[in-house]
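Numbering of residues begins at 1 and proceeds along the displayed sequence.
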Amino acid sequence: MSNTTTEMALDLEAKRLSVVDPGTRVDAQGDMSDEERVEKAMTNFAKDFGHVAATYMEACIHCGACAHACPFYEASGNPRHTPIWKIEPFKQAYKREAGPLAFFYKAFNLKKNVTVDELKEWQELLYDTCTMCGRCTLICPMSIDIASLVGMARHGMFHAGLVPHELYTVTEKAKREGSPLGATPQVFEDRIEWMGDEHEVDMHVDEDEAEVLVLMSSIEIQKYPESMAATAKILNHMGKSWTFHTEGYEATNFGLLSGNLEWQRDMSMKVISTAEKIGAKLVILPECGHAYQALRWQGANMYGKPLPFKVQHISEFLGDAVDAGALKLKTVNTTVAFHDPCQVSRRGGATSAPRKVLEALGAKLIESKSGGDLNTCCGGGGGVITIHRADTLRYKVMGAKFRQLGETGAEMMVTSCSNCRQNFDDSGEKLNWDKQMNSLLELVADNLVEEAEK
């Protein structure tokens with residue numbers, strides 16, 4: 001299918017998203033009245049609210065710069081998908097109830113009370129068409145962190161029972177079973193044994209003491225299990241004291257994505273407690289963007305004090321190993337286009353790490369038109385890929401991403417996020433993409449110089 005044909009097909013499908021029927025786009029959890037839903041939404045939004053967030057609410061100058069930073073707005077052209085508009089009900093409530101001119105807004109009804117129908121309608125904007133990628137935050141001339149405000153709004157939506165049912169279901173399963181995709185401790189252990197045997201690599205599991213605790217995401221355990229073998233190969237190659245641990249292995253945190261702080265804390269504490277138990281000095285996060293946000297940047301908040309160990313995304317760990325001369329790598333004679341995971345690069349600051357690794361591999365990196373900190377989101381993060389009704393617009397977002405990467409002319413596509421990789425695989429099949437997205441971690445593991453070769 002040509003790019004033109006693909007665009008036309010997606011344009012026709014995307015028109016279905018331009019008119020939203022609030023009554024058909026909500027999946028309410030719990031037995032609450034409309035008034036209770038509104039109250040819970042606003043109360044739980046306000047719990048996170050402080051001076052900084054209030055400043056954000058007052059700072060918007062309605063310039064529209066954020067619109068063109070958003071891949072969903074660019075794909076749909078629908079003004080409703082403008083990033084700052086995604087928090088409008090919460091901004092409306094703030095102006096009426098808590099802002100410096102609240103008395104006038106309320107007395108003259110300049111801002112009306114938020115209704116449950118508005119919240120139901122806004123569910124699509126907060127969940128289906130936002131990955132909290134932060135591109136709008138980066139581009140905003142007033143430095144409004146719109147992505148964080150969307151996260152706060154999701155806290156309110158969760159407690160109002162207004163989370164899309166697919167996202168709620170996997171989040172609840174993670175709370176109940178410890179994994180959103182059924183990667184229970186037994187499944188995890190079985191996969192480790194399988195990968196160890198298949199790749200003939202020593203796996204370290206449930207060590208009583210280890211300097212490094214290694215986490216995996218559900219997607220890797222279930223869909224890309226080779227990442228476990230790749231991680232083991234690299235750590236063994238470096239002579240590290242490390243372990244997987246069945247008491248704390250799941251990096252995926254759907255509490256963060258759905259907006260439930262209590263569940264987010266529970267998921268983080270499993271990892272934190274395990275790391276403390278074995279005396280880990282370093283926790284290595286897998287190729288997962290939101291896991292990096294959950295533990296690296298929000299873990300201490302969940303813990304209530306500074307974490308007693310260092311946290312690194314696997315690409316950061318590999319970048320440091322390259323700098324220290326601890327990785328001996330073969331030369332990869334190919335051109336590479338790298339897709340930056342938003343939560344690791346733009347939101348996390350680890351943009352340079354994968355580039356160091358690719359340089360050490362001898363690969364020729366060809367940057368895409370919009371790469372690095374300005375990288376265009378793939379459209380599947382933030383829980384969006386779990387929401388079926390979001391598929392049409394998500395595919396259109398990915399169509400633009402495919403064109404960007406294709407314009408580089410690179411022979412190999414590489415990323416360091418399994419969720420992005422899953423979205424590339426799914427969208428690539430749907431849109432007949434003639435490339436495959438590869439894992440940076442696995443690329444390194446496949447090109448280690450063994451002792452006999454040194």
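For H313 (side chain) and P286 (main-chain N/O), a donor-acceptor pair under 3.5 Å exists by modelled atom type. Without hydrogens or angle criteria, D340 side chain to G372 main chain gives a donor-acceptor distance under 3.5 Å. Checked by atom type and distance alone, the side chain of Q222 pairs as donor or acceptor with a backbone atom of L181 at under 3.5 Å. E411 places a side-chain N or O within 3.5 Å of a backbone atom of T335 that can act as its donor or acceptor partner. Under a 3.5 Å cut-off, the side chain of N438 and the backbone N or O of M412 do not form any donor-acceptor pair. Counting only distance, with no hydrogens or angles, the side chain of N236 and the backbone of A232 share a donor-acceptor pair below 3.5 Å. When atom types are taken as modelled, the side chain of S427 and the backbone of M398 share no donor-acceptor pair closer than 3.5 angstrom. Between the side chain of T408 and the main chain of A337, no donor-acceptor pair closer than 3.5 Å is present. The main-chain N or O of A75 is found under 3.5 Å from a side-chain atom of K396 such that the two form a donor-acceptor pair.
Using the six-membered ring where Trp is involved, W263 and Y168 have ring planes that are tilted, between 30° and 60° apart. The aromatic rings of F424 and H339 lie perpendicular to each other, with more than 60° between the two planes, well past the 30° mark.
Closest of all the heavy-atom pairs between K86 and L125 is CD-O, 3.5 Å. Here the shortest heavy-atom pairing between N423 and I385 reads CA-CD1, 3.8 Å. When all heavy atoms of R347 and W297 are compared, the closest pair comes out as O-NE1, 4.3 Å. Of all heavy-atom pairs spanning C377 and R346, the tightest one is N-NH2, 4.4 Å. Between L149 and A53 the shortest heavy-atom distance is CD2-CB, 4.2 Å. Of all the heavy atoms in Y127 and S258, the pair that sits closest is OH-O, 2.9 Å.
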Next item on the list: With side-chain contact (heavy atoms from CB on, under 4.5 Å) as the test, would you mind laying out the steps for V214 and H204 before giving the verdict?
Entry: CA-CA 10 Å; V214 180; H204 298 219; over 6 Å; no
Check: Given the rule in the salt bridge (Lys or Arg N to Asp or Glu O under 4.0 Å) test, do K430 and D391 qualify, once you have shown the distances and angles that lead to the verdict?
Finding: CA-CA 10 Å; K430 177 75 174 181; D391 286 350; over 6 Å; no
Notebook entry, point to check: Could you walk me through whether H81 and E124 pass the side-chain contact (heavy atoms from CB on, under 4.5 Å) check?
Noted result: CA-CA 9 Å; H81 296 146; E124 178 227 356; 3.2 Å; yes
Margin query: What verdict does the side-chain contact (heavy atoms from CB on, under 4.5 Å) test give for E166 and V170, after you've listed the backbone C-alpha separation in whole Å, the side-chain angles of each residue and the deciding distance to 0.1 Å?
Written below: CA-CA 6 Å; E166 299 101 333; V170 294; over 6 Å; no
Next item on the list: Assess whether salt bridge (Lys or Arg N to Asp or Glu O under 4.0 Å) is satisfied between K277 and E247, documenting all intermediate values.
Entry: CA-CA 10 Å; K277 176 180 176 179; E247 291 180 21; 2.8 Å; yes
Next item on the list: Give the intermediate values and the outcome of side-chain contact (heavy atoms from CB on, under 4.5 Å) for residues L295 and L215.
Entry: CA-CA 11 Å; L295 193 63; L215 308 186; 4.2 Å; yes
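Residues that satisfy the salt bridge (charged side-chain N to carboxylate O under 4.0 Å, His left out) test with K240, not counting sequence neighbours, are absent from this structure. With sequence neighbours excluded, the residues that form a salt bridge (charged side-chain N to carboxylate O under 4.0 Å, His left out) with R421 are E442. Residues satisfying the ring pair (Phe, Tyr, Trp, His ring centres under 6.0 Å) test with F317, not counting sequence neighbours, are none. For the salt bridge (charged side-chain N to carboxylate O under 4.0 Å, His left out) test, no residue two or more places apart in sequence or in another chain qualifies with D373. A search for salt bridge (charged side-chain N to carboxylate O under 4.0 Å, His left out) contacts involving K175 returns D266, not counting sequence neighbours.
Atoms CG and CD1, from L393 and I387 in turn, are 11.5 Å apart once rounded to the nearest 0.5 Å. Taking CH2 of W242 as the start and CG of L282 as the end, the distance is 13.0 Å to the nearest 0.5 Å. Atom CD in Q343 sits 9.0 Å away from atom NE2 in H290 (nearest 0.5 Å). The distance from the CG atom of L448 to the NZ atom of K330 is 8.0 Å, given to the nearest 0.5 Å. Atom OG of S148 and atom CD1 of I87 lie 10.5 Å apart (nearest 0.5 Å). The distance from the CG atom of L443 to the CG atom of L318 is 10.5 Å, given to the nearest 0.5 Å.
You'll find the side chain of C70 stays beyond 4.5 Å of the side chain of T82, heavy atoms only. In this structure, P164 and R389 have side chains that are in contact, with non-hydrogen atoms separated by less than 4.5 Å. Between Y56 and I146 there is no side-chain heavy-atom pair separated by less than 4.5 Å. Counting heavy atoms from C-beta outward, L441 and I234 have side chains that approach closer than 4.5 Å. The side-chain heavy atoms of Y303 and M269, taken from C-beta on, include a pair separated by under 4.5 Å. Under the 4.5 Å side-chain criterion, counting only non-hydrogen atoms from C-beta, D425 is not in contact with E429. When side chains are defined from C-beta on, N419 does not count as touching S217, because their heavy atoms never get closer than 4.5 Å. Looking at heavy atoms from C-beta onward, E316 lies out of side-chain contact with I284 at the 4.5 angstrom threshold.
Sparse packing is recorded around CD of E359, with 12 or fewer heavy atoms of other residues, nucleotides or ligands lying under 6.0 Å away.
Side-chain contact check for T376 and Q404: at least one donor-acceptor pair (N or O, by modelled atom type) lies under 3.5 Å. For the residue pair E250/S179, the side-chain donor-acceptor check at 3.5 Å is satisfied. Using modelled atom types and a 3.5 Å distance limit, the side chains of T274 and H245 yield no donor-acceptor pair. Checking E189 against T246 by side-chain atom types alone, no donor-acceptor pair falls below 3.5 Å. The closest side-chain donor-acceptor pair between S416 and E287, if any, does not fall under 3.5 angstrom. A donor atom on one side chain and an acceptor atom on the other are not found under 3.5 Å apart for Q264 and N260.
Annotation: F90 is not in aromatic contact with W122 [ring centroid separation under 6.0 Å not met]. Taking the six-membered ring where the residue is Trp, the centroids of Y73 and H68 are separated by under 6.0 Å.
Within the structure, side chain to side chain donor-acceptor pair (under 3.5 Å) pairs that include any residue of residues 131-142 comprise R135-S370, T137-D145 (at least two apart or interchain).
Salt bridge annotation for E367-R355: present, with a cationic side-chain nitrogen under 4.0 angstrom from a carboxylate oxygen.
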